[in-house]
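Since the structure comes first, as structure tokens, the remarks are kept for the end.
Residue numbers start from 1 in every chain, and the chains themselves are labelled A, B, ... in the order their sequence lines are given, proteins ahead of strands.
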Protein chains: 2
Amino acid sequence: MFGPNDQAAEFVERWNAAPTDTTEVCPVRQVLDKVGEKWSVLLVMTLASGPRRFNELRRQVPDISQKMLTQTLRDLQRFGLVSRTVFDTNPPSVEYRLTELGQSMIVPLGHLIRWASENYGEIATARAAFDRAA
Amino acid sequence: MFGPNDQAAEFVERWNAAPTDTTEVCPVRQVLDKVGEKWSVLLVMTLASGPRRFNELRRQVPDISQKMLTQTLRDLQRFGLVSRTVFDTNPPSVEYRLTELGQSMIVPLGHLIRWASENYGEIATARAAFDRAA
DNA sequence: CCGGATCCACTGGGATACTG
DNA sequence: CAGTATCCCAGTGGATCCGG
């Protein structure tokens, strides 16, 4: 049988097999980095409910700066998660939309988010205990 | 029905509901941050196959510095993902082990890692196309 | 409307040396 | 063996102003 631990072992193996000359980074790590970026997941999740235009996203994600919005969208596009379509209207409008790859990522992301939501109480308790001991 | 998109909507809602006075960070974001940290996931996955002592971990994760190993383990412990047990032997030994919470995290993490492994080809293709266009 | 360009503060994380 | 303590640098990400 292939349980979670086998995945773990395989992951560790692949990681350590990755070249350390740092020209290439372990593929999985690149994905984890994306997840760790401040706005990537929020944008992917926002786009999950349908395509948006640039300023629509600004409104729906109020705290993001336009620089970070542009930059994150570019990154997601480069990753193949988001497609960018320019409509030659006046004024111009640009539509951002999840690609199939992007939509497929919602599933594992959803698992992680669900886990986080369900277990945050325990995390908070652990942290409080840790800080009290220290 | 509750598909992935409902999770997405709920996540976005919670995110935006989080206070912006930055004293408290959205719980899910804290977990995503952890995932994004350079060594957290690798250590969790390494510990998935059983408890380890400090220097065992150093050997199994050759590229980590002792500073980052200590720091990451502390963080994971504070998060409630890892337990630390000191045995009063001579020389002293310390055992790190996944808590139940830590073990439960392997599952969603496994989903994400599997997705990354399976889809990296497509990501690489997209990136190559993007860079060629630019 | 959709960005690009610039400046800057903060911090994650590596190298190195030392200790109970 | 299992850490601490310092120094230091590169990169992330925010604010602001400018352009097509």
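Contact between the side-chain N/O atoms of B/R53 and the OP1/OP2 oxygens of D/dA2 is found at a separation under 4.0 Å. The side chain of A/N55 contributes an N or O atom lying less than 4.0 Å from OP1 or OP2 of C/dC2.
Here D/dA2 presents its P atom at 13 Å from CD of B/Q60, a figure rounded to the nearest Å. In this structure, CG of A/L32 is placed 12 Å from P of C/dG13, rounded to the nearest angstrom. The distance from atom CZ of A/F87 to atom P of C/dC2 is 11 Å, rounded to the nearest whole Å. Atom P of nucleotide D/dA2 and atom CG of B/D88 are separated by 13 Å, given to the nearest angstrom. At whole-Å resolution of the value, CG in B/L69 and C1' in C/dA15 are 16 Å apart. Note: CZ (A/R29) to C1' (C/dG12) measures 12 Å, nearest angstrom.
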Full working for side-chain hydrogen bond (donor to acceptor under 3.5 Å, both in side chains) between A/Q77 and A/Y96 = CA-CA 9 Å; A/Q77 190 192 351; A/Y96 293 91; over 6 Å; no
message = What does the B/S/- profile of nucleotides 3-17 of chain D look like, 5' to 3', with a 4.0 Å heavy-atom cutoff to protein?
response = SB-B------BBBBB
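For the atom pair OH of A/Y120 and SG of B/C26, the computed distance is 9.0 Å after rounding to the nearest 0.5 Å.
B/E56 has no carboxylate O lying under 4.0 Å from a charged side-chain N of B/R53, or vice versa, which leaves the two without a salt bridge. Comment: B/R29 engages B/D33 in a salt bridge, judged by a side-chain N to carboxylate O separation of less than 4.0 angstrom.
Counting only heavy atoms from C-beta outward, the side chains of A/V31 and A/F79 approach each other to under 4.5 Å. Within the 4.5 Å cutoff, the side chain of B/W39 has heavy atoms near those of the B/D63 side chain.
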